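Heavy atoms only: backbone and side chains are in, while hydrogens, waters and symmetry mates are out. These numbers were taken from a predicted model, which means no experiment stands behind them.
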Number of protein chains: 2
Amino acid sequence: MARTRPETRRVEEAAVDLPEGVAPPGTRGRILRAALKLFAEYGYYGASIRDIAAAVGINSATLYAHYPSKEQLLADLIVVGHEELHRRLLRALVESGSDPVEQLAALVRAQVLAHADFPLLAVVSNQELHALSPQAAAPALALREHSAELLLRVLDLGAQRGIFAVPDVRLAATAIGSIGIRVANWFHSGGAYSRERVADTFAEFALRIAGAAALPGDAGTTGPPPVAGQSIG
Amino acid sequence: MARTRPETRRVEEAAVDLPEGVAPPGTRGRILRAALKLFAEYGYYGASIRDIAAAVGINSATLYAHYPSKEQLLADLIVVGHEELHRRLLRALVESGSDPVEQLAALVRAQVLAHADFPLLAVVSNQELHALSPQAAAPALALREHSAELLLRVLDLGAQRGIFAVPDVRLAATAIGSIGIRVANWFHSGGAYSRERVADTFAEFALRIAGAAALPGDAGTTGPPPVAGQSIG
DNA sequence: GTCTATAGGCCGATAGAC
DNA sequence: GTCTATCGGCCTATAGAC
């Protein structure tokens with residue numbers, strides 16, 4: 001394993017954590033968390049079975065009593081990551097009303113919070129998927145498709161109703177999704193911004209991209225109201 | 001090397017290419033291009049010296065007549081990538097007027113076009129930097145800092161002049177930058193959108209994030225003008 | 001500059017004792 | 001379930017012939 005290089009991290013230092021209830025108990029769970037940390041930091045090919053075992057404090061052979069292969073370890077992590085995001089997005093939509101503005105804000109808030117709460121998991125899910133065989137990657141890809149569809153449908157509905165004004169729905173979805181995905185690469189809980197602050201601000205940005213109004217009660221913006229000819233529409 | 005897995009690519013298929021004038025002539029240049037392709041597809045640790053040599057059609061030992069180490073190959077690529085982006089951003093600013101709106105649009109257009117023109121180089125520059133030693137990474141990190149500073153200064157200036165209306169300049173810069181960076185992961189020249197279309201649309205999104213007006217002559221948006229209470233400001 | 005050959009080491013995974 | 005020991009293979013890099 002390469003040495004730790006704080007200046008060039010793929011992801012900020014984070015308490016290694018998995019969503020509640022998904023880590024297996026005992027040694028198996030400790031292996032999964034160690035793999036998460038090392039895959040996030042060094043990549044799948046950059047972290048060895050021996051590295052993971054050493055981080056847990058067991059012999060590398062012992063690892064195979066808990067997982068059949070290194071690839072299965074990665075596959076489990078990536079499924080967990082995609083499931084957690086999809087679950088949060090669904091819940092956000094369910095808890096929203098029928099207003100596309102509210103729905104879009106809820107989706108973006110949920111995506112940002114998921115990436116802020118589990119940055120290591122998000123980095124591994126997004127940047128190490130390529131190391132899985134197509135069969136092992138398929139479940140995660142299906143979940144990814146469903147998650148993308150949720151955002152696209154909300155944007156489409158809002159555009160059809162004239163609530164959103166956007167030059168291209170698919171490019172808007174791509175742009176909005178990109179903002180949230182990258183949160184995993186820079187957010188850390190001791191940083192300048194709270195998770196809620198980022199989520200609220202990025203939800204506001206998503207509404208602006210969509211050409212919608214700010215939600216009532218949202219954080220105000222600095223600067224004057226728009227001058228003539230600068231309103232969006 | 002792992003097999004090719006089209007379903008789970010880190011980057012879309014792309015003509016392997018480097019900015020004009022940066023690839024060395026002859027075998028050395030062919031090695032650099034092969035390394036670019038393989039590092040982008042499999043990551044630094046996922047592509048071996050033997051893989052790169054095989055792609056060029058030479059023996060792995062021959063590679064060391066051209067490059068002193070595998071790490072130097074990566075370091076060269078990453079410097080080239082960061083230099084190209086910084087060069088384009090500077091030129092975009094120089095060719096812009098003093099209007100922050102025009103400057104922001106020009107910066108975003110330049111960033112998007114750089115990532116669309118050299119997606120492999122962008123992916124390697126962004127996602128493999130962690131594999132370099134701090135010394136080898138330092139030049140690229142300095143360039144990255146300068147590039148980020150350009151965007152931040154334009155946003156700051158516009159906000160101070162009341163031309164932009166943004167809740168947080170740093171978060172706005174992060175969001176705008178994220179949209180462009182991710183272009184390298186999904187754009188391909190045979191796809192549904194031309195590079196110019198993406199650049200124009202994402203420049204428009206950046207202006208919306210900044211709370212600015214669309215540039216005159218920009219592509220129109222679908223949907224009606226905003227209803228009362230939905231204008232940005 | 002390109003090759004063959006190989007050094008020296010780490011890789012994922014397994015066998016078998018306890 | 002954990003260990004020691006090890007297999008067969010691939011890794012980066014070098015030596016030395018041509």
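Side-chain atoms of A:Asp51 lie closest to C:dC11 of the nucleotides C:dC11, D:dG1, C:dG1. Here the nucleotide nearest the side chain of B:Lys70, chosen from C:dC11, D:dA13, C:dT14, is D:dA13.
Rounded to whole Å, atom C1' of C:dC10 lies 17 Å from atom OH of A:Tyr45. Here C:dC11 presents its C1' atom at 14 Å from CG of A:Leu63, a figure rounded to the nearest Å. In this entry the distance linking CG of A:Leu74 with P of C:dG12 reads 13 Å, nearest Å. Whole-Å rounding puts the A:Tyr67 OH to D:dG1 C1' distance at 15 Å. In this structure, A:Ile58 atom CD1 and D:dG1 atom C1' are separated by 10 Å, rounded to whole Å. If you measure from atom CD of B:Glu71 to atom C1' of D:dA13, you get 14 Å, rounded to the nearest angstrom. We find that CD1 of B:Ile49 is positioned 9 Å from C1' of D:dA13, with the value rounded to whole Å. Taking atom OH of B:Tyr64 as the reference point, atom P of D:dG16 lies 18 Å away to the nearest angstrom.
Counting only residues at least two apart or in different chains, salt bridge (Lys or Arg N to Asp or Glu O under 4.0 Å) contacts with residues 139-157 of chain A are absent. Residue pairs meeting the salt bridge (Lys or Arg N to Asp or Glu O under 4.0 Å) criterion with at least one partner in residues 52-64 of chain A, sequence neighbours excluded, are absent. Among residues at least two apart or in separate chains, there is no salt bridge (Lys or Arg N to Asp or Glu O under 4.0 Å) pair with a member in residues 182-192 of chain B.
A salt bridge does not link A:Glu204 to A:Arg109: none of the charged nitrogens lies less than 4.0 Å from a carboxylate oxygen. Using a cut-off of 4.0 Å between Lys/Arg side-chain N and Asp/Glu carboxylate O, A:Glu41 and A:Arg10 are scored as not salt-bridged.
Partners of B:Glu12 under the side-chain contact (heavy atoms from CB on, under 4.5 Å) rule, at least two apart in sequence or in another chain, are B:His188. Residues passing the side-chain contact (heavy atoms from CB on, under 4.5 Å) test with A:Ala23, sequence neighbours excluded: A:Leu18, A:Arg33.
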Each nucleotide N or O in nucleotides 4-6 of chain C that has a protein N or O under 3.5 Å away: list the pair and distance.
from  : atom 1 : to      : atom 2 : distance (Å)
C:dT4 : OP2    : B:Asn59 : ND2    : 3.1

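The phosphate of D:dC10 has neither OP1 nor OP2 within less than 4.0 Å of any side-chain N or O from B:Ser48. Phosphate proximity of C:dG1 to B:Thr27: absent, as no side-chain N or O sits under 4.0 Å from OP1 or OP2.
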